[in-house]
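Every chain is numbered from 1 and lettered A, B, ... according to where its sequence line falls, protein lines coming before strand lines. All values reported here derive from a predicted model rather than from experimental measurement.
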Protein chains: 2
Amino acid sequence: MAKERSGAGDPARTLELLWREPAPQDAPPRRGPRQGLSVDAVVRAAIALADSGGLEALTMRGVAQRLGVTPMTLYTYVPGKAELLDLMMDAVCLDMPRTGRPDGPWRARAEALARENLELCRRHPWVATLPAIRPPLGPGIMARYEHELAVFEGLGLDDVEMDAAVSLLFDFVRSVARSESDAQAAARDSAMSDAQWWEAHAPLLAKVFDAERYPLAARVGAAAGAAHQSPYNPDYVFRFGLERILDGLAALIASRGGA
Amino acid sequence: MAKERSGAGDPARTLELLWREPAPQDAPPRRGPRQGLSVDAVVRAAIALADSGGLEALTMRGVAQRLGVTPMTLYTYVPGKAELLDLMMDAVCLDMPRTGRPDGPWRARAEALARENLELCRRHPWVATLPAIRPPLGPGIMARYEHELAVFEGLGLDDVEMDAAVSLLFDFVRSVARSESDAQAAARDSAMSDAQWWEAHAPLLAKVFDAERYPLAARVGAAAGAAHQSPYNPDYVFRFGLERILDGLAALIASRGGA
DNA sequence: CTGTACTCTATACGACGTACAGAATAGCCG
DNA sequence: CGGCTATTCTGTACGTCGTATAGAGTACAG
């Protein structure tokens, strides 16, 4: 089984693929049969498969089937699954929504950025589950990073702080998106809604759970569940967390004399 | 392959296991051979295995080998891998460090809580990668939730806000811990340090990357990399994010008239 | 003792990524 | 045109996983 994401393969080949550089000598003269597919077609099929069934449905066999070829054919287009994941990640970042307007107060821009990133993770839930470390250095990731940094440019933050602010916001969005898709997966796999799941556990839990031993957990857990009509409400979690983080960033920016 | 975490199996059986309730009729009279192991032994072996090799090394075969039995033997102690993960998660939460003092200002308590949670995730990196949704409702999770809520009790927050604050803090720690262990895994799998990885990519990237097209990315990426002496510095990320989140929570608490 | 409930084992299935070997194809050279 | 060869695509195979199933061995109830 391939490790998640590249690192393994040849960095040069991976970068060529990401930037769609033709292998140098491949200019016109190709010897064998014409290629029936393209890297883009493979990447698109893989993205569609992962979007509909999650990362666990993303198999080389599955991608091949969608394209009407045998599994091993894919290996003439991409070195392996890890590099395919790199290409997928870069591709969806290149395509991500950019609705935020570059003018206006930074806080509105930051909120728009968070919503764009959340939208990216909602369209492609697997984005939130892939490691963000050593990202594929392709045009999509670069464009996203550039777009993110623009939100915090000119506010008095130094470069290291700008990078940290961007990461903090994205990691927050990632974690909300992961919870959201985990919740959907749990509902699907167990064929139970949150409410049904809770109903299945509550009476049994009552027998073993000592409310006097965990008074806050009993009180707050009940209140939170009732308020959300479910143990987990992603919209509330997103809004609550985003407000706190933006307030925290506002304090930093104010201390640096920024807008 | 088992889905991650239970949901699948019988909730009653899972809760019995979590709270170590003996199956009702099992009181004294057991018919067959004595059991050579115990649920606790299985859970301990599984935790040790996952701690040393990550979730991908956690296999039923591996756990069985550590215990000197055949894989199928484990199924007389736990219903399956998903329930075993539930038991592992609850066990490490029960054992987690609780060094924070219950007195003192809330901010110090919150920071101590974040460090305790980070320490939990550092000892058991797989904790940060498991879905937090529909957690195993065992004594360990309950104790952790109770401990977390105590930090925010009496500050003027309502119950729903207390729950959200606790989740925000834990999700932040989870994401830092995940990045940390992803970074270690990347270094291990690729047999390259971050610096070596960057050296391998920089000259190639220079050929395809247009710094004029991504001016902020070029400037900030270079500055952040240089400052951390690596593209990623977990300690800085943790301190930066924690300060922002605590500042944000402070603003909320102040607006509620809390300490 | 026999019957029965239980523990533990052996084998097997279908999934995965991909190594390897081979077949088919099409451009190059003569 | 024929042959060479680089390339594409296919078929088969290996070792991994969780766990279903069937059976072997063990110890208590009658």
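Sorted by first and then second residue, the pairs that involve residues 34-51 of chain B and meet salt bridge (Lys or Arg N to Asp or Glu O under 4.0 Å), not counting sequence neighbours, are Arg20(B)-Asp40(B).
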Solution key, residues 61-74 of chain B side-chain donor-acceptor pairs under 3.5 Å, sequence neighbours excluded:
{"residue": "Thr70(B)", "atom": "OG1", "partner": "Thr73(B)", "partner atom": "OG1", "Å": "3.2"}
{"residue": "Thr73(B)", "atom": "OG1", "partner": "Thr70(B)", "partner atom": "O", "Å": "3.3"}

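Ring centers of Tyr145(A) and Tyr214(B): at least 6.0 Å apart, outside the cut-off.
Counting only heavy atoms from C-beta on, Tyr77(B) has its side chain closest to dC8(C) among dC9(D), dC8(C), dT9(C). Comparing dT7(C), dA12(C), dC16(C) against the side chain of Arg61(A) picks out dC16(C) as the nearest. Among the nucleotides dT18(C), dC16(C), dT19(D), the one closest to any side-chain atom of Met60(B) is dT19(D). Checking dG11(D), dT19(D), dC16(C) against the side-chain heavy atoms of Met72(A) singles out dG11(D) as nearest.
Remark: Thr70(A) is not in phosphate contact with dC9(D), judged by side-chain N or O atoms under 4.0 Å from OP1 or OP2. Within the 4.0 Å cut-off from OP1 or OP2 of dT7(C), not a single side-chain nitrogen or oxygen of Thr73(B) is found. Applying the 4.0 Å criterion to OP1 and OP2 of dC17(D), one finds that Thr59(B) has a side-chain N or O inside that range.
The nearest whole Å value for the distance from the CG atom in Leu84(A) to the C1' atom in dT18(C) is 14 Å. With rounding to whole Å, Leu55(B) atom CG is found 14 Å from dC17(D) atom C1'. One can place CD of Gln35(A) at 13 Å from C1' of dA6(D), the figure rounded to the nearest angstrom. Spacing between atom NZ of Lys81(A) and atom P of dA15(C) amounts to 15 Å, rounded to whole angstrom units. Taking atom CG of residue Leu37(A) and atom C1' of nucleotide dT10(D), one finds them 14 Å apart after rounding to whole Å. Atom CD of Glu83(A) and atom P of dG17(C) are 13 Å apart (whole Å).
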Check nucleotides 24-26 of chain D against the protein and report each pair of N or O atoms closer than 3.5 Å, with its distance, or say if there are none.
none

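Both tests hold for Arg144(A) against Phe170(A): distance to the six-membered ring centre under 6.0 Å, angle to the ring axis within 45°.
Residue Leu58(B) is classed as a sugar-phosphate contact, given heavy-atom separations below 4.0 Å to backbone atoms only.
Classified by interplanar angle (parallel below 30°, tilted 30° to 60°, perpendicular above 60°), the ring pair Trp19(B)/Phe209(A) is perpendicular.
Minimum interatomic distance between Val92(A) and Leu120(A) (heavy atoms only, all atoms of both residues): O-CD1, 3.6 Å.
Side-chain contact annotation: Arg134(A) with Ser190(B), donor-acceptor N/O pair under 3.5 Å present.
Each of Val69(A) and Tyr75(B) was assigned the nucleotide of DNA chain D with the nearest heavy atom; the assignment lying further toward the 5' end belongs to Val69(A).
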